[in-house]
A.B. asks: 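Before I ask anything, let me first share the structure, which is written out below as structure tokens.
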Number of protein chains: 2
Amino acid sequence: MATGTRTGTTVTAADVAARIREAISAGDLVPNQRLVEADLAEAYGASRGHVRTALGELTVEGLVERIQNRGARVRSVPLEEALEIVEVRAALEALCAARAAERITDEQAEELRAIGRAMEAAVRDRDQSAYARGNTDLHGMLIRVSGQRTAAATIDRLRAQAVRFQYRLSARPGRSQQSLPEHLAIIEAVCARDPEGAARAMREHLASVSEAIVESTRD
Amino acid sequence: MATGTRTGTTVTAADVAARIREAISAGDLVPNQRLVEADLAEAYGASRGHVRTALGELTVEGLVERIQNRGARVRSVPLEEALEIVEVRAALEALCAARAAERITDEQAEELRAIGRAMEAAVRDRDQSAYARGNTDLHGMLIRVSGQRTAAATIDRLRAQAVRFQYRLSARPGRSQQSLPEHLAIIEAVCARDPEGAARAMREHLASVSEAIVESTRD
DNA sequence: TGTGACAAAATTGGTGACAATCCAGGCCAT
DNA sequence: ATGGCCTGGATTGTCACCAATTTTGTCACA
């Protein structure tokens with residue numbers, strides 16, 4: 001796929017929205033950065049109209065902020081709101097963990113334990129990117145096993161908004177050592193088919209994430 | 001000076017979106033009903049472009065479903081998804097109830113108890129609309145006292161999607177008799193500043209709502 | 001009576017042009 | 001210097017128009 005100019009395939013508004021979402025998640029677009037419609041249209045090879053509707057979508061999703069006649073910017077989520085988001089995620093991911101514990105099959109349990117072993121190895125080898133991957137896999141798998149699509153969509157949307165804080169966090173030295181036992185506790189409870197315990201472990205984990213976020217902003 | 005009609009004020013896309021949202025909530029627009037852009041533009045005195053972007057917003061919010069070249073309809077939420085929505089709401093409203101129990105002031109507690117008394121009176125008098133109002137007031141006040149704006153926004157969006165089932169439910173005879181004690185239990189726990197109890201009471205209440213929804217669809 | 005092909009109508013999708021608005025910077029009076 | 005005011009350029013907001021697509025209606029024919 002060509003990076004912009006001459007694409008025979010038409011670039012739809014949904015495509016543009018997806019590209020911008022990715023760019024924000026990857027940190028290529030930082031909070032408060034202006035999003036000039038003409039520039040984006042040029043960059044992605046789309047018409048300005050499509051860029052416009054894409055920005056509308058992202059505004060509803062909470063990733064972008066628009067001011068009348070002044071254009072769009074990447075929304076900057078204040079610390080206070082990020083903490084709220086983590087609280088909401090805690091409630092929802094606890095729900096998913098509990099449902100996952102009720103529904104998990106033996107094969108899925110084995111897969112989950114494998115993720116846990118990979119995370120232990122990553123901490124032992126001090127491989128941060130492997131640990132981050134394990135983290136994503138774990139949360140993703142619990143959500144998938146839970147079968148809660150509404151919760152999943154909500155969690156995704158919220159996580160995208162708070163992506164800036166996720167970065168700061170995983171860059172922090174020693175963070176993985178602290179969170180590893182929390183993750184393993186979640187895995188254990190889910191594999192033991194203990195919904196209440198799984199929910200509790202997940203809530204404790206996200207409470208710790210919340211604390212870590214507060215500390216990471218004291219710089 | 002827009003198209004003909006005498007609205008001196010211009011009707012923006014956000015206005016149109018708000019009107020359609022209301023119409024869906026009020027049941028004026030029913031699930032699967034087609035939303036023809038030209039008709040809506042005529043009805044609300046807006047340009048077709050504005051209607052178009054409004055429909056885009058509502059699609060992202062999950063109220064409207066769009067198919068390429070075939071137009072927009074009011075999205076029909078299947079029973080299974082409505083139950084998921086109630087589960088997510090249970091998790092979030094439990095969070096709000098717990099936080100409200102931690103933060104409530106004496107005056108707010110008195111206000112909350114007044115809502116409870118009004119609901120008791122409504123059941124005694126068999127005044128369904130008064131009971132429904134108390135219900136709305138109660139949930140709304142807990143969310144407000146909790147100070148959780150992220151959770152509040154999420155709950156609102158989800159509730160709008162499942163509005164069809166709310167209707168069926170409150171129209172059901174005897175429903176208020178069953179739910180009154182649940183509501184009173186929530187109020188008691190919050191006023192007693194018992195976060196854990198408030199969350200539990202709220203979860204139990206919404207579990208009962210979930211059951212009632214299932215029963216109400218067996219017709 | 002049912003069915004397929006075809007034309008006509010209705011509706012949505014996309015683009016370009018133009019109007020409205022905001023912002024930066026220079027200019028002048030104080 | 002300081003502050004108000006104006007002008008030019010950049011950017012967004014809106015609309016009208018046309019193309020593309022789907023849906024509906026009609027009619028011949030088995």
Side-chain angles (χ1 to χ4, degrees), chain A residues 1-2 4-21 23-24 29-76, chain B residues 1-20 23-24 29-76:
Chain A
M1 277 214 270
T5 45
R6 282 193 63 81
T7 51
T9 60
T10 58
V11 177
T12 94
D15 294 334
V16 175
R19 298 279 300 267
I20 297 177
R21 245 183 247 113
I24 292 176
L29 296 173
V30 301
N32 284 321
Q33 181 165 344
R34 282 195 64 190
L35 299 172
V36 177
E37 295 175 1
D39 295 353
L40 294 172
E42 169 81 16
Y44 298 141
S47 74
R48 192 162 77 90
H50 282 157
V51 171
R52 229 179 134 62
T53 70
L55 289 175
E57 275 185 38
L58 296 169
T59 302
V60 178
E61 287 175 20
L63 283 179
V64 162
E65 198 174 29
R66 256 181 157 170
I67 304 179
Q68 176 81 223
N69 288 323
R70 298 238 242 139
R73 320 179 149 262
V74 178
R75 188 164 80 93
S76 167
Chain B
M1 38 166 107
T3 52
T5 47
R6 72 200 49 175
T7 55
T9 59
T10 56
V11 177
T12 91
D15 295 334
V16 175
R19 299 279 302 266
I20 297 176
I24 292 176
L29 295 173
V30 300
N32 284 321
Q33 181 165 342
R34 281 194 65 190
L35 299 171
V36 177
E37 296 174 0
D39 295 353
L40 294 172
E42 169 81 16
Y44 299 140
S47 73
R48 192 162 76 89
H50 283 157
V51 171
R52 231 176 134 62
T53 70
L55 289 175
E57 275 185 39
L58 297 168
T59 302
V60 177
E61 287 176 20
L63 284 179
V64 162
E65 197 174 29
R66 254 180 158 172
I67 304 178
Q68 176 78 223
N69 288 320
R70 298 238 242 141
R73 316 177 152 264
V74 179
R75 188 164 81 93
S76 168

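Residue numbers start from 1 in every chain, and the chains themselves are labelled A, B, ... in the order their sequence lines are given, proteins ahead of strands.
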A.B. asks: Could you say whether A:Arg70 or A:His50 is positioned toward the 5' end of DNA chain C, judged by the nucleotide with the nearest heavy atom to each?
C.D. replies: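 Closest to the 5' end, via its nearest nucleotide, is A:His50.
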A.B. asks: Would you please confirm or rule out a distance under 4.0 Å between OP1 or OP2 of D:dC15 and any side-chain N or O of B:Ser47?
C.D. replies: yes
A.B. asks: Would you find a donor on one side and an acceptor on the other, under 3.5 Å apart, between the side chain of A:Arg48 and the backbone of A:Glu37?
C.D. replies: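 Here the side-chain-to-backbone pair does not exist.
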A.B. asks: Whole Å only: how far is the CD1 atom of A:Ile67 from the P atom of D:dT11?
C.D. replies: 16 Å
A.B. asks: Looking for any heavy atom pair under 4.0 Å, which part of the strands does B:Gly49 touch: base, sugar-phosphate only, or nothing?
C.D. replies: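 No contact.
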A.B. asks: For B:Asp15 and D:dT14, give me the distance from atom CG to atom P, rounded to whole Å.
C.D. replies: 11 Å
A.B. asks: Counting only heavy atoms from other residues, nucleotides and ligands, does the tally under 6.0 Å from CD of B:Glu61 exceed 12?
C.D. replies: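 More than 12 within 6.0 Å, yes.
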A.B. asks: Grab the CZ-P distance between B:Arg66 and D:dT22 for me, whole Å please.
C.D. replies: 16 Å
A.B. asks: Atom CZ of A:Arg48 and atom C1' of C:dA17: how far apart are they, to the nearest Å?
C.D. replies: 10 Å
A.B. asks: Which is true for A:Leu55 with a 4.0 Å heavy-atom rule: it touches a base, it touches only sugar-phosphate, or it touches nothing?
C.D. replies: nothing
A.B. asks: Can you tell me how far apart CZ (A:Arg34) and CG (A:Leu40) are? Round to the nearest 0.5 Å.
C.D. replies: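 The CZ atom of A:Arg34 sits 11.0 Å away from the CG atom of A:Leu40.
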A.B. asks: Using only side-chain N and O atoms of A:Arg52, determine if any of them is under 4.0 Å from OP1 or OP2 of D:dG13.
C.D. replies: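 Yes, A:Arg52 has a side-chain N/O under 4.0 Å of OP1/OP2 on D:dG13.
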A.B. asks: If you only use heavy atoms from C-beta on, which nucleotide in C:dT11, D:dT11, C:dG13 is closest to the side chain of B:Asn69?
C.D. replies: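 Minimum distance to the B:Asn69 side chain belongs to C:dG13.
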A.B. asks: Where the side chain of A:Arg34 is concerned, which of D:dT12, C:dG13, D:dT23 is the nearest nucleotide?
C.D. replies: D:dT12
A.B. asks: If you take all heavy atoms of A:Ala17 and A:Ala54, which pair is closest and at what distance?
C.D. replies: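 So the two residues come closest at N-CB, 3.7 Å.
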A.B. asks: Using whole Å, report how far CG of A:Asp39 lies from C1' of D:dT12.
C.D. replies: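 A:Asp39 atom CG is separated from D:dT12 atom C1' by 13 Å.
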A.B. asks: I want to verify a distance call: between D:dG13, D:dC15, C:dG13, whose nearest atom is closest to the A:Gln68 side chain?
C.D. replies: D:dG13
